[in-house]
Amino acid sequence: MATLNPIDLSGLNDERLASSVRAQIAEACEKNGFFQVINHGVPVELMDRLKQVGRKFFDLTKDEKLAYAGKPVIGSEGYGSRMVLDDTEPKFWREFVELHTLPLSERHYNYWPQQPAEFRETVENYTAALLDLAQRLLAVISESLGLNPSYLKEALGEPHQNIVFQCYPPCPEPGKTLGLPAHSDVVAITILMQEGDGLEVAAENDTWELVPNHPNAFVVNLADQIEIITNGRYKSANHRAIVNSDRTRRSYVTFYHPAKDQKIFPAPELVDEKVGPVYRELFYIEYLQALAAERFGGKRLVQSFAIDNPLVS
């Protein structure tokens, strides 16, 4: 797999360059489901402020952070910490804060840290900018498939968004654990801002490729719902987070979900007599329920929603 060099989104504003940018995004989506973007329109100052409030929060005492602790279940909010250093599976080595940001009715501010004082305002401004970026990317991805620019946005319905602040402290034995084990994201599209190297993408021959940490870039990850809607043409690739013994790594991940009651199905334009449908119709809530029940038998979860089709792997 080629090194994930950043794609310059400013080219979309120039008719002479726009087709090339779309082609680069299409190639990345088809080959590995990941790409990086620069000149994306999110102010660098806002990105830096989010990193600052993240660092300040994780520097609080354990008791101060536990004041915002959530329940340890899928879809939970608030602060959590999992440090597992043994031979069990899955392995984790991280602490985190997860916050629901959209729809507004699902913002539960009791889980939002009050320290530092600028935390809430910064997160609100940042996630608004990331919503705009996600929808601009969905438009470009739609066009790269020959679809109307609004296709994916409309197919996903009312946007649901959450953000996760992740902190991976130095690990005394990094060979025994991972920050996060290998997985593909269950949502539609994920936008990640790295602070230090540690994200790896599944590559050929069961190997892993480190995603380089480019200044002021975002890593864009196509997730499972996009794989379903594109009828398997674009993949939701496996990725993981590794840890090290000498420094702390942080990342800031914004997830764009469909509404829970949204019906997800392959775009009819991408289903033909030769290919046929690869995935069945489902409501997004079904997907979340399957994730909670771990009903995927060691496979990628998206495969459990596949029709008996030889193209599914």
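- By the 4.5 Å heavy-atom criterion applied to side chains, Tyr168 and Ile242 are not counted as neighbours.
- Within the 3.5 Å criterion, the main-chain N or O of His183 finds a donor-acceptor partner in the side chain of His239.
- The NE2 atom of His100 sits 8.0 Å away from the NE2 atom of His108 when rounded to the nearest 0.5 Å.
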Step by step, would you call Val220 with Val37 a side chain to side chain contact (heavy atoms under 4.5 Å, CB included)? CA-CA 7 Å; Val220 180; Val37 294; 4.1 Å; yes
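- A 6.0 Å sphere centred on CD of Glu124 holds more than 12 heavy atoms belonging to other residues, nucleotides or ligands.
- The backbone N or O of Gln114 lies less than 3.5 Å from a partner atom in the side chain of Tyr68, making a donor-acceptor pair.
- The backbone N or O of Gln166 sits nowhere less than 3.5 Å from a side-chain atom of Arg250 that would complete a donor-acceptor pair.
- In terms of heavy atoms, Glu106 sits closest to Glu77 at O-OE1, 4.0 Å.
- Side-chain contact between Thr254 and Leu133 is absent, with no heavy-atom pair separated by less than 4.5 Å.
- Counting all heavy atoms, side chain and backbone alike, Leu270 lies closest to Asn231 at O-ND2, 3.3 Å.
- Val211 places a side-chain heavy atom less than 4.5 Å from the side chain of Gln194.
- Rounding to the nearest 0.5 Å gives a distance of 11.5 Å between CG of Asn125 and CZ of Arg120.
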Any chance you could lay out the side chain to side chain donor-acceptor pair (under 3.5 Å) test for Asn205 and Thr207, step after step, and finish with the verdict? CA-CA 6 Å; Asn205 301 318; Thr207 60; over 6 Å; no
Using the rule given for side chain to side chain contact (heavy atoms under 4.5 Å, CB included), can you reason through Leu131 versus Thr101, listing the C-alpha separation, both sets of side-chain angles and the distance that settles it, and then say yes or no? CA-CA 10 Å; Leu131 174 65; Thr101 52; over 6 Å; no
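- A donor-acceptor pair is defined here as one N or O able to donate and one able to accept, closer than 3.5 Å; such a pair exists between the side chain of Asp14 and the backbone of Arg16.
- Shown here for Tyr256 and Ala134, the closest heavy-atom pair between the two residues is CD1-CB, 3.8 Å.
- A donor-acceptor pair under 3.5 Å links the side-chain atoms of Gln36 to the main chain of Pro212, judged by distance alone.
- Here Leu50 contributes atom CG and Tyr126 contributes atom OH; the two are 5.5 Å apart, rounded to the nearest 0.5 Å.
- Checked against the 6.0 Å centroid criterion, the rings of Phe58 and Phe165 do not qualify as a close aromatic pair.
- Contact between Tyr151 and Pro268 at its shortest, heavy atoms only, is OH-CD, 3.5 Å.
- Listed for the Glu227 side chain is a donor-acceptor partner under 3.5 Å among the backbone atoms of Ser236.
- Put simply, the side chain of Glu209 does not reach to within 4.5 Å of the side chain of Phe34, judged on heavy atoms.
- Here the side chain of His257 pairs no donor or acceptor atom with the backbone of Val186 at under 3.5 angstrom.
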Please determine whether side chain to side chain contact (heavy atoms under 4.5 Å, CB included) holds for the pair Val21 and Ile7, giving the CA-CA distance in whole Å, both sets of side-chain angles, and the decisive distance to 0.1 Å. CA-CA 7 Å; Val21 174; Ile7 297 172; 3.9 Å; yes
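- The shortest non-hydrogen separation linking Thr248 to Pro170 is OG1-CD, 3.2 Å.
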Would Leu99 and Phe119 satisfy side chain to side chain contact (heavy atoms under 4.5 Å, CB included), going step by step from the backbone distance to the final call? CA-CA 12 Å; Leu99 307 171; Phe119 187 96; 3.6 Å; yes
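- Atom SG of residue Cys29 and atom CG of residue Leu145 lie 7.5 Å apart, to the nearest 0.5 angstrom.
- At least one side-chain heavy atom of Pro169 sits less than 4.5 Å from a side-chain heavy atom of Trp93.
- Of the inter-residue distances, the one linking Glu195 atom CD with Asn213 atom CG reads 8.5 Å to the nearest 0.5 angstrom.
- When only modelled atom types and interatomic distance are considered, Asp63 and Thr61 share no side-chain donor-acceptor pair under 3.5 Å.
- We find that Glu45 and Arg49 are not joined by a salt bridge, their nearest charged nitrogen and carboxylate oxygen being 4.0 Å or further apart.
- Side-chain N or O atoms of Asn32 include none that pairs as donor or acceptor with a backbone N or O of Lys235 at under 3.5 Å.
- Between Tyr79 and Phe57, the angle of the ring planes goes over 60°, which puts this pair in the perpendicular group of the 30/60° scheme.
- The minimum heavy-atom distance linking Asp197 with Arg249 is given by the pair O-CD, 3.0 Å.
- No more than 12 heavy atoms of other residues, nucleotides or ligands lie within 6.0 Å of NZ in Lys153, so this atom counts as exposed by the packing criterion.
- For the pair Gln225 (side chain) and Pro258 (backbone), a donor-acceptor distance under 3.5 Å is absent.
- The closest side-chain heavy-atom distance from Phe265 to Ile228 is not below 4.5 Å.
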Do Glu154 and Ser150 pass the side chain to side chain donor-acceptor pair (under 3.5 Å) test, and can you show the C-alpha distance, the side-chain angles, and the key distance before you say yes or no? CA-CA 6 Å; Glu154 293 172 357; Ser150 64; 3.1 Å; yes
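- At distances below 3.5 Å, not a single donor-acceptor pair connects side-chain atoms of Tyr111 with backbone N or O atoms of Val97.
- Side-chain contact between Arg107 and Val123: absent, with no pair of heavy atoms (C-beta onward) separated by less than 4.5 Å.
- Contact check for Pro103 versus His160: side-chain heavy atoms found under the 4.5 Å cut-off.
- Between Lys274 and Asp272 there is no salt bridge, since no side-chain N of the basic residue sits under 4.0 Å from a carboxylate O of the acidic one.
- Of the candidates Leu130, Val187, Ile189, Ile163, Val187 is the only one forming a side-chain contact (heavy atoms from CB on, under 4.5 Å) with Phe255.
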